[in-house]
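Encoded as structure tokens, the structure appears first; notes follow it.
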Amino acid sequence: MNNYSDIEKRWQNYWDKIKLFEPDLKNSEHKYYCLMMFPYPSAALHIGHMRNYTLGDTLARYKIMQGFNLFTPMGWDAFGLPAENAAIKDGIHPAESTAKNIATMKKQLREWGVGYAWSKEINSSSPEYYKWTQWLFLQLYKKGLAYRKKAKVNFCPSCQTVLANEQVIEGKCERCSTAVVQKELEQWFLKITAYAERLLEDLNTLTKWPEKVKTMQKNWIGRSEGAEVKFKIKNAKLAMQNEEFIKVFTTRPDTLFGCTYLALSTEHPIIEKLKSKIENRKEIEKYIKETKRQSISTRDILGKEKSGVEIKGVKAINPVNNQKIPIWVVDYVLMEYGTGAIMAVPAHDQRDFEFAKKYNLPIRQVIKAPSPKPQAPSPKRAYEGEGALINSEKYNGLSSQEAKEKITADLQKKGLAEKKVLYRLRDWLISRQRYWGTPIPIIYCPKCGTLPLPGKDLPVVLPRDVQFKPGGESPLKRKSNFIQTTCPKCGSLARREADTMDTFIDSSWYYLRYLSPQDKKDAFNSSLVNRWLPVNQYIGGVEHAIMHLLYARFINKFLYDCEFVNFNEPFTSLFTQGMVIKDGLKMSKSKGNVVYPDTLIEKYGADAVRLYILFIAPPGKDVEWNSEGVAGMWRFLKKVERIGLRVEGGGKRKEREQKIEKNLQREIHKTIKKVTEDMERFHFNTAISSIMELVNYLSRFPFPVSRFPLETIILLLAPFAPHFCEEIWQNVLKNKGSVFKHPWPRYESRFIQPEKALIIVQVNGKLRAKIEVERDISEKELKELVLKEEQLKKWLTKPIKKIVVVPNQIVNIVI
RNA sequence: GCCGGGAUGGCGGAAUUGGUAGACGCCUGGGACUUAAAAUCCCAUGUCCUUUAUGGGCGUGUCGGUUCGAGUCCGACUCCCGGCACCA
């Protein structure tokens, strides 16, 4: 083969013609829904993308050969920030650039031999799709799961625009370097917290998800059991009747006696309330102003060194011992989590410990670590484990567990504490002050208030004809014929919501739409969806482990509760692929380290590149890209091709199989077994290497050989190198029909078992000899054989203490 | 800062359950074939020592532990990567 492009195109057209990837959706028997996370249509796809899609395609082709009724659709997560930025910068309409990118990507996917059920293609930015994203929002609204509240955004005063966290670089606007400020806006939220417990609990049912993803989700939801404790505020001027409290949440009420100060978030409302009593008001106000976060991102807030200022003139009363303790305003307590205030226990919390050291606050040990690891709070660390209470008056000697119960119960009697379960998970802020997204179907009427758009009026169409200003303010806001509308209830002049939705909503339900992308009546066809879902295999980047996968699970559960779907979790099995790294960084256009596969494909063919990309590492791991090895895969395919030219004649496959030489027979069946097992666990790299071993074995074999070994190799290789294998299968081996319509080969165990066993003989765990013996001989016989071995004599210089025998494998002599 | 993951030759990696570390491929060196080149084939290729036949020591990020036996399990640490709620 020398003209790859022609041969590859021919087979790509052939697969179209035989509808290899077009499923029969009416028949869901033996179904296999293989789903790749749909991509954002960025410019051209690079090697990193190619890795993801060949991985999915290889699995899909393997499943076809196994006889599954495969459904593997593809679509476009087409709304989002980059297209809008490009529009602002270059004046090209997002719809235009998106369409162009999609065309490029489809062409590339095709050239790679990556097949999809293109008749089911979806695009989240088309009105046919986002109409139903809006419908979904209305369902959530109807059930009280969508609500409005104030929330902060990054705002660039110079560009007059809201910035994404990504656009804030060290507190400054990425476009104009102006210091970013925070702005409070009324925004829409989805009540994902109402599902916190179920999202957590049902992780247990996801047995085919990677543990690491489940752990990350679990920690993200962050369920903690503890108590909310009230600290009274003392001030000379504060009368008893209008007592103020500061509430804190703690998982460690057992350490209450070690609490030596309270720490408040800079946004805690009590500061404003106590204003008149604070002696160092100026100082506090100055501190709050200075530390006013320049970014709303947690990593910026918690990533820097902690600081704080003591509030003078007021003290808090520790409810367990009535001790007066200072109150500090600090920058390491988030208003969003818990009560916005914490009780600080420097002896038993590392952050508090460091803070106390810095500002010379008292550190009081109240928990004694259980021996044998006596761990007093050393000069360097807090002891964060549990243990026995000390310095805690009547609770001394109790275990942490007992003390938690008892102290909480005692405080509860006095109305000073309450048992609580707290989640770290926050509600999902979905409002975006941007153009290129799904409009939120809400109308604000001066008389009737906030109203959902009636379903019959959907979709709220995103106006095409808008102006993108260099400043970057959302063009929807200025589009008066979009904003102005009439109230669906009273008919008076009303205003549309100008914000659009987070694109994560688009991607939280798309897997349902694929079954009926042209449906005009419903978002999805429940009866089809219930037969074809949950998705058998979901494949995507590990960077989506938390947000996208949690949002999709949440929306699915919501739809389940509404009885639109009858499955509780959308994705049965999840595979997270690794990233392609170049020069130590994730390959991405913004980092300027992308490698495009096109020239490699031109030189070596798509199959060699596919093979190489799957060969260099297991698909779950990150891999550093180096184009040099592609040639090796090309050589490998050439070698297979040469064997193809030297096989002999016809006969029935079964007969050919019988005639084969015994050792070759064993190698073939061993390889089938190995490749099949590797396919199941996504170890495509070792699957390929064992096919290579068989090819090496065969190429050293006296020729001609019968067709059976080569046919097997072609079948095993077909999912990886589809064009090449189809060509050999049909045009060299002269088989009728597609190689993918031929069943995946099966192995027979009886051919695999070797007669002899190779025994590794060790002395004190070090390899000293290898001997071949009959399989399954008794331990006694084996020991005798081993001890007779000449080459061992020189090692057995001391008396033998013990002999460890692992049958058919290893003998370790301990001297 | 917090959560999750990773580290094995010159390079990508293999070793699936604690049992021969380095499969397979790349790079590099040597040889065969050839008028020559390409292609192909063969050999070598962790490292050090003794050199020559055998061999032996060391070696899976660092330090320590468990075990007859550790890349794999446990503890502490270092560095790198992903995520941290408006990139998707």
Side-chain angles (χ1 to χ4, degrees), chain A residues 37 39-40 42 77 79-82 85 153-154 162-168 210-213 215-220 222 296-306 332 336 350-351 354 424-434 502-504 507 541-548 550-551 576 578-579 581 584-586 588 590 612 615-618 621-626 628-633 635-636 638-639 642 677-678 681 683 685-686 688-693 696 699-700 758-767 770 791 801-804 806 809-810 812-815:
Chain A
M37 288 182 185
Y40 178 80
S42 52
D77 190 11
F79 274 138
L81 188 62
N85 282 344
V153 292
N154 300 308
V162 171
L163 299 176
N165 284 342
E166 197 192 46
Q167 298 173 296
V168 182
E211 278 310 313
K212 62 172 175 187
V213 174
T215 309
M216 281 190 264
Q217 291 215 350
K218 190 179 156 215
N219 293 338
W220 183 261
I296 55 170
S297 153
T298 13
R299 58 176 166 261
D300 294 338
I301 300 160
L302 300 176
K304 55 183 185 191
E305 201 192 312
K306 299 170 257 298
Y332 71 98
E336 292 84 7
Q350 189 57 22
R351 279 177 311 174
E354 280 160 22
R424 210 187 68 101
L425 183 70
R426 305 203 297 260
D427 275 341
W428 178 8
L429 195 170
I430 59 154
S431 294
R432 297 291 180 269
Q433 294 69 42
R434 296 190 208 294
D502 180 4
T503 54
F504 273 124
S507 58
V542 69
E543 66 272 23
H544 296 293
I546 296 173
M547 308 193 67
H548 161 61
L550 196 65
Y551 292 146
T576 56
M579 284 171 309
I581 308 289
L585 294 166
K586 173 182 175 172
S588 85
S590 58
Y612 180 63
F615 176 73
I616 47 173
K621 273 180 79 175
D622 291 351
V623 66
E624 170 79 31
W625 180 257
N626 175 358
E628 274 189 352
V630 181
M633 299 299 120
R635 282 196 282 270
F636 164 67
K638 283 279 166 198
K639 200 185 240 184
R642 277 197 303 277
E677 284 168 0
D678 282 348
R681 60 182 187 128
H683 280 218
N685 56 330
T686 48
I688 294 167
S689 74
S690 53
I691 301 172
M692 283 174 170
E693 283 178 275
N696 289 343
S699 67
R700 292 189 193 106
L758 183 70
I759 304 293
I760 301 304
V761 186
Q762 300 177 326
V763 178
N764 284 352
K766 284 201 194 295
L767 172 72
K770 296 175 191 180
Q791 33 176 335
K801 266 200 222 159
K802 182 175 164 188
I803 301 180
V804 183
V806 184
Q809 225 184 84
I810 218 160
N812 189 11
I813 305 165
V814 188
I815 60 168

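Naming convention: chains lettered A, B, ... in sequence-line order (proteins, then strands); numbering from 1 in each chain.
Between A/Thr686 and B/A14 there is no side-chain polar atom (N or O) within less than 4.0 angstrom of OP1 or OP2. Within the structure, a side-chain polar atom (N or O) of A/Lys766 is placed less than 4.0 Å from OP1 or OP2 of B/C58. The side chain of A/Asn165 contributes no N or O atom lying less than 4.0 Å from OP1 or OP2 of B/C87. One finds a side-chain N or O of A/Arg635 lying less than 4.0 angstrom from the OP1 or OP2 phosphate oxygen of B/C26. Side-chain nitrogen and oxygen atoms of A/Arg299 include at least one within less than 4.0 Å of the OP1 or OP2 phosphate oxygen of B/A85. Taking only side-chain nitrogens and oxygens, A/Ser297 comes nearer than 4.0 Å to OP1 or OP2 of B/A85. The phosphate of B/C2 (OP1 or OP2) has no side-chain N or O of A/Arg424 nearer than 4.0 angstrom. In terms of phosphate contacts, A/Arg642 brings a side-chain nitrogen or oxygen within less than 4.0 Å of OP1 or OP2 of B/C41. Taking side-chain N and O atoms only, A/Arg426 has no distance below 4.0 Å to OP1 or OP2 of B/A85.
When each of B/G25, B/C86, B/U20 is scored by its nearest atom to the side-chain atoms of A/Leu767, the top-ranked nucleotide is B/U20. Comparing B/G12, B/U20, B/A88 by their nearest atom to the side chain of A/Lys770 picks out B/U20. When each of B/G13, B/C42, B/G1 is scored by its nearest atom to the side-chain atoms of A/Arg351, the top-ranked nucleotide is B/G1. Looking at the side chain of A/Gln809, the nearest of the listed nucleotides B/G19, B/G4, B/U20 is B/G19. Taking every side-chain heavy atom of A/Asn696 into account, B/C24 is the closest of B/C24, B/G19, B/A88. Picking from B/A88, B/C41, B/G13 the nucleotide with the shortest atom distance to the side chain of A/Lys639 gives B/C41. Of the candidate nucleotides B/C87, B/C86, B/C24, B/C24 has the atom nearest to the side chain of A/Phe615. Here the nucleotide nearest the side chain of A/Val542, chosen from B/C86, B/A88, B/G82, is B/G82. Of the candidates B/C84, B/A14, B/U20, B/A14 carries the atom nearest the A/Asn685 side chain, counting heavy atoms from C-beta on. Considering only side-chain atoms of A/Thr215, the nucleotide from B/G4, B/C86, B/A23 that sits closest is B/G4.
Between A/Ile546 atom CD1 and B/G4 atom C1' the separation is 8 Å, expressed in whole Å. Rounded to a whole Å, the CZ atom of A/Arg434 is 7 Å from the P atom of B/A88. Distance A/Glu624 CD to B/G25 P: 22 Å, rounded to the nearest Å. At whole-Å resolution of the value, NE2 in A/His544 and C1' in B/G5 are 17 Å apart. Rounded to an integer number of Å, the gap from CD of A/Glu354 to C1' of B/C2 is 13 Å. If you measure from atom NZ of A/Lys212 to atom C1' of B/C3, you get 13 Å, rounded to the nearest angstrom. In this structure, A/Lys306 places its NZ atom 10 Å from C1' of B/C2, rounding to the nearest Å. Spacing between atom CD of A/Glu543 and atom C1' of B/G5 amounts to 13 Å, rounded to whole angstrom units.
Checking A/His683 against A/Ile430, the closest nucleotide of RNA chain B that is more toward the 5' end is the one next to A/His683. Of the residues near RNA chain B, A/Met547 and A/Arg681, the one whose nearest nucleotide (by heavy atom distance) lies more toward the 5' end is A/Arg681.
For RNA chain B, each stem of at least three Watson-Crick or G-U pairs (distances under 3.5 Å) is given as range with range: B:1-7 with B:78-84, B:10-12 with B:24-26, B:28-32 with B:40-44, B:46-49 with B:55-58, B:61-65 with B:73-77.
Under a 3.5 Å cut-off, the side chain of A/Asp622 and the backbone N or O of A/Gly578 do not form any donor-acceptor pair. At least one donor-acceptor pair closer than 3.5 Å links the side chain of A/Asn764 to the backbone N or O of A/Ile815. Of the possible donor and acceptor atoms, none in the side chain of A/Gln809 sits under 3.5 Å from a partner among the backbone N and O of A/Ile760.
If you check every strand for non-hydrogen atoms under 4.0 Å, A/Val153 touches a base. Nucleic acid contact for A/Ile810: base, since at least one base atom lies under 4.0 Å from a heavy atom of the residue. Within 4.0 Å of A/Ile301, counting heavy atoms only, lies no atom of the nucleic acid at all. Looking at heavy-atom distances under 4.0 Å, A/Ile803 makes no contact with the nucleic acid at all. Counting any heavy atom pair closer than 4.0 Å across all strands shown, A/Trp220 reaches a base atom. Within the nucleic acid shown, A/Phe504 comes within 4.0 Å of at least one base atom, counting heavy atoms only.
Glycosidic conformation, B/G9: syn, with the torsion inside 90° of 0.
A donor-acceptor contact under 3.5 Å is formed by the side chain of A/Gln433 with the base of B/C86.
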Atom pairs, N/O to N/O, protein against nucleotides 64-71 of chain B, distance under 3.5 Å?
residue : atom : partner  : partner atom : Å
B/C68   : O2'  : A/Asn812 : ND2          : 3.2
B/C68   : O2   : A/Asn812 : ND2          : 2.4

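Side-chain contact between A/Ile616 and A/Trp625 is present, with at least one heavy-atom pair separated by less than 4.5 Å.
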